[in-house]
Amino acid sequence: SQTDESEENLSWKAIGYCGPDPKFKAQLKNHFLDGKSKEAEDDKEDEDAEEVIGPLYKGLVHLNNPRDIAADALRQLGFSVSVVRRKHKAAANLSSPSLVIQCDAVVVGSGSGGGVIAGVLAKAGYKVLVLEKGGYSARNNLSLLEGQTMDQMYLNGGLVASDDMGMFILSGSTVGGGSAVNWSASIKTPQHVCKEWCEKHGLELFESELYREALDAVCEKMGVQSEIEDEGFNNAVLRKGCQEMGYPVNTIPRNSSSDHYCGWCCMGCKDGKKKGTLETWLVDLVKSGNGAILPGCEALKVLHKKMEGRDRKVAGGVAFEFEYKGIKDICVVESKVTIVACGALCTPALLKRSGLRNQNIGRNLHLHPVAMAWGYFPDEPASEVWPEANKKSYEGGIMTAMSSVVAEFEQSGYGAVIQTPSLHPGMFSIVTPWTSGVDIRDRMRKFSRTAHVFALARDKGSGTVESPHRISYKLAGVDEKNLQKGIDKVLRILAAAGAEEIGTHHNKGRTLNVKQVSYHEFEKFVKEESSRPLADLSTPLCSAHQMGSCRMGSNPKQSVVNQTGETWEMEGLYVADTSVFPTALGVNPMVTVQAIAYCVAQSVLEVLRRKRSK
Ligand SMILES: Cc1cc2nc3c(=O)[nH]c(=O)nc-3n(C[C@H](O)[C@H](O)[C@H](O)COP(=O)(O)OP(=O)(O)OC[C@H]3O[C@@H](n4cnc5c(N)ncnc54)[C@H](O)[C@@H]3O)c2cc1C
Ligand SMILES: *[C@@H]1O[C@H](CO)[C@@H](O)[C@H](O)[C@H]1NC(C)=O
Ligand SMILES: *[C@@H]1O[C@H](CO)[C@@H](O)[C@H](O)[C@H]1NC(C)=O
Ligand SMILES: *[C@@H]1O[C@H](CO)[C@@H](O)[C@H](O)[C@H]1NC(C)=O
Ligand SMILES: *[C@@H]1O[C@H](CO)[C@@H](O)[C@H](O)[C@H]1NC(C)=O
Ligand SMILES: CC(=O)N[C@H]1CO[C@H](CO)[C@@H](O)[C@@H]1O
């Protein structure tokens with residue numbers, strides 16, 4: 001993932017990696033040759049600015065400017081702002097902030113959940129301020145370099161792990177949140193999960209007409225569809241292997257167009273074909289003229305007061321922090337409603353810092369643990385190989401095929417789905433076993449023709465999160481069993497698709513040359529590798545889905561928020577991200593979190609309407 005001044009690495013050639021998407025690089029080069037981008041910054045011509053910065057440009061306000069400029073930018077968007085004058089050099093603090101901004105709703109976090117709710121409220125005519133601790137990466141300004149992207153667009157620079165290092169966790173932290181870097185899978189909440197959440201958790205919402213409408217609304221917004229013109233390497237392998245084995249295999253609905261053949265979307269989508277929240281709901285917010293997005297701003301706490309005649313505290317906005325010229329500064333937002341959507345890893349800490357005491361905050365964290373296996377498909381002799389010699393492991397739609405062969409959708413609902421990851425060289429090397437220098441060199445040389453397929457468990461087990469630096473999670477026995485069943489299938493799928501060599505990520509690094517062994521030896525290998533323990537740190541497990549740490553329920557003993565998304569403890573404080581999931585979901589969560597946020601937005605709208613009419 002490391003590069004030199006010309007943004008290259010000599011090893012790439014040896015491993016068959018082309019670096020950032022060559023088409024994007026060419027596109028950019030033309031762009032700069034035209035001199036367009038420079039002019040745009042000078043002229044502030046709308047069209048050019050939009051081309052350079054992307055569709056959010058009118059609503060982005062950077063507070064790392066002199067205070068009066070930042071305040072003016074916000075006033076131009078219709079917010080009322082007061083600048084607090086302070087004696088020279090006196091630092092801002094919570095009781096003496098630099099700016100006080102007023103709005104109807106403040107949304108903390110611009111990811112899948114936050115983006116949707118902000119868009120809905122602004123479109124309905126309310127003044128909405130979005131705070132995002134991550135930065136903003138303009139569409140034309142993505143590096144698509146693995147190292148830089150991890151630093152700029154992922155939580156903690158891409159390196160979040162549970163306390164025993166048993167789980168390697170990926171989470172987006174940028175304008176758009178997880179939606180800006182996700183792998184495009186857009187799957188609706190499965191029926192059996194809606195039923196479970198309604199019947200076992202007392203949440204009628206999930207069997208309501210409103211929720212069905214919400215699912216349709218968010219899918220329509222993303223242009224979810226299920227056609228693919230040219231399937232990428234990993235997914236072609238998964239599909240063929242399943243067909244050979246007679247396992248079920250489906251096409252995953254995606255938010256991108258059928259010809260969107262791009263393996264770099266995990267680093268941001270260069271042409272806006274992937275409809276993350278920053279290409280959809282946040283655009284609504286900006287177009288409505290009622291909203292502003294503040295990148296680089298981290299919420300410190302929710303402000304609240306006691307009001308006469310109310311038994312609960314009442315939320316009144318947030319205090320947040322940003323950096324200006326290397327110095328931390330503090331501002332305050334005063335709002336009628338406050339929405340927290342920092343994602344399941346960050347929301348619990350913000351609620352606790354704000355004085356909430358509910359015992360469920362930070363508990364019930366589900367991670368959808370993932371265990372992988374791989375198969376190597378040589379590209380010589382070029383004439384007869386499959387997948388075709390020009391197909392590379394890191395190109396093409398990231399997730400287009402999946403198998404539910406061990407998903408148990410029709411039975412307990414708790415099993416594992418089989419899908420494929422995106423692994424660029426850095427991530428590939430992190431999860432690959434290391435037994436010796438010679439061995440890792442050999443594995444890396446095979447990088448571009450090594451397919452990865454994984455099993456993802458709908459975890460019954462759970463952990464706790466205090467902050468992204470303090471996560472504890474132990475794999476439960478039942479989840480380990482489901483992953484083992486998944487790995488058994490994955491190894492068979494890889495072999496059936498024609499892999500020459502197969503293996504798992506277990507640290508012993510055993511491999512099998514499928515073409516040279518008997519049926520008996522193959523069976524023995526699959527059984528041994530898929531029955532190894534997974535909870536003992538010998539195999540790296542990954543997670544890109546975090547859920548449940550502030551779950552929704554029907555009473556405060558077992559949950560943090562009620563069906564409307566409002567916290568039991570504080571009036572006017574809502575949560576609208578994956579942390580409200582009552583249990584793990586079992587499939588990719590983006591559509592579900594967006595639908596929930598859409599429903600929470602309807603509740604918030606009612607409250608705002610009532611306040612307005614008063
Ligand atoms: C690499 C990757 C691939 C994925 N692929 C898919 C996929 O294909 N399909 C799918 O359905 N799901 C996918 N997911 C998961 C999906 O993106 C997430 O589940 C979803 O985005 C979670 O939404 P959220 O609103 O809970 O939080 P996020 O989208 O994570 O948004 C939270 C935001 O809040 C910000 N924030 C946190 N704390 C603060 C604070 N104190 N102040 C201000 N801002 C703060 C964060 O920086 C972040 O931007 C993927 C995730 C990753 C990481
Ligand atoms: C290229 O990658 C290698 C192997 O990861 C690394 O050791 C080296 O530092 C990188 N080169 C540059 C110039 O960053
Ligand atoms: C583009 O990215 C660079 C490096 O991350 C950053 O310094 C610059 O401000 C960005 N430009 C725009 C227009 O966002
Ligand atoms: C993730 O990508 C999908 C498909 O590209 C997109 O529709 C969705 O908006 C993105 N994620 C989120 C969380 O919004
Ligand atoms: C929960 O939801 C109801 C509406 O169903 C709402 O009136 C109530 O104030 C919410 N909050 C709590 C803590 O019950
Ligand atoms: C941006 C984009 O390419 N979205 C596409 C998603 O799918 C819908 C439905 O097929 C297309 O109309 C969109 O163009």
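Order of listing sets the numbers, starting from 1, for every ligand and every atom in it. The residues of the chain are indexed from 1 along the displayed sequence.
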Show which atoms of ligand 1 fall inside a sub-4.0 Å distance from at least one heavy-atom site of [X].
| X | result |
| --- | --- |
| Gly343 | 26 (O), 27 (O), 32 (C) |
| Gly113 | 25 (O) |
| Ala341 | 32 (C), 33 (C), 34 (O) |
| Val108 | 40 (C), 42 (N), 43 (C) |
| Cys297 | 42 (N), 43 (C) |
| Met590 | 10 (C), 11 (O), 12 (N) |
| Cys346 | 37 (C), 38 (N) |

field: Ring centroid separation His452 to Phe428 under 6.0 Å
entry: yes
Side-chain donor or acceptor of [X] paired with backbone N/O of [Y] under 3.5 Å:
| X | Y | value |
| --- | --- | --- |
| Glu132 | Ser110 | yes |
| Thr567 | Met570 | yes |
| Arg239 | Val249 | no |
| His424 | Tyr17 | no |

task: Report the part of Leu10 in contact with ligand 2, treating N, CA, C, O as backbone and CB onward as side chain, heavy atoms under 4.0 Å; options are side chain, backbone, both, neither.
output: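 Neither; nothing of Leu10 gets under 4.0 Å from ligand 2.
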query: Does a side-chain heavy-atom distance below 4.5 Å link Tyr473 with Pro369?
result: yes
Asp216 side chain near Glu220 side chain, heavy-atom distance below 4.5 Å: no
More than 12 heavy atoms from other groups under 6.0 Å of [atom1] on [X]:
| X | atom1 | answer |
| --- | --- | --- |
| Lys188 | NZ | yes |
| Lys301 | NZ | no |
| Arg353 | CZ | yes |

message: Going by a strict under-4.0 Å cutoff (protein heavy atoms only), does atom 7 (O) of ligand 2 have a neighbour on the protein?
response: no
Nearest protein heavy atom to [atom], by residue and atom, and its distance?
| atom | answer |
| --- | --- |
| atom 4 (C) of ligand 2 | Ser11 OG, 4.0 Å |
| atom 10 (C) of ligand 2 | Asn9 ND2, 2.5 Å |
| atom 9 (O) of ligand 2 | Gln2 CB, 4.6 Å |

field: Test applied, side-chain contact (heavy atoms from CB on, under 4.5 Å); reference residue, Asp577; option that passes from Val600, Thr347, Ile117
entry: Thr347
Output yes when the distance from some N or O of ligand 1 to some N or O of [X] is under 3.5 Å, and no in every other case.
| X | result |
| --- | --- |
| Ser112 | yes |
| Ala344 | no |
| Ser171 | no |
| Lys133 | yes |

message: With a cutoff of 4.0 Å, is Leu131 in contact with ligand 1, counting heavy atoms of the residue only?
response: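 Contact present.
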query: Strictly under 4.0 Å, does any heavy atom of Ser579 approach an atom of ligand 1?
result: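 In this structure, Ser579 fails to qualify as a contact of ligand 1 - no heavy atom is under 4.0 Å.
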query: Mind checking whether Phe206 and Tyr211 have parallel, tilted or perpendicular rings, split at 30° and 60°?
result: perpendicular
query: Which is it for His545 and ligand 1 at heavy atoms under 4.0 Å: side chain, backbone, both or neither?
result: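 The side chain, only.
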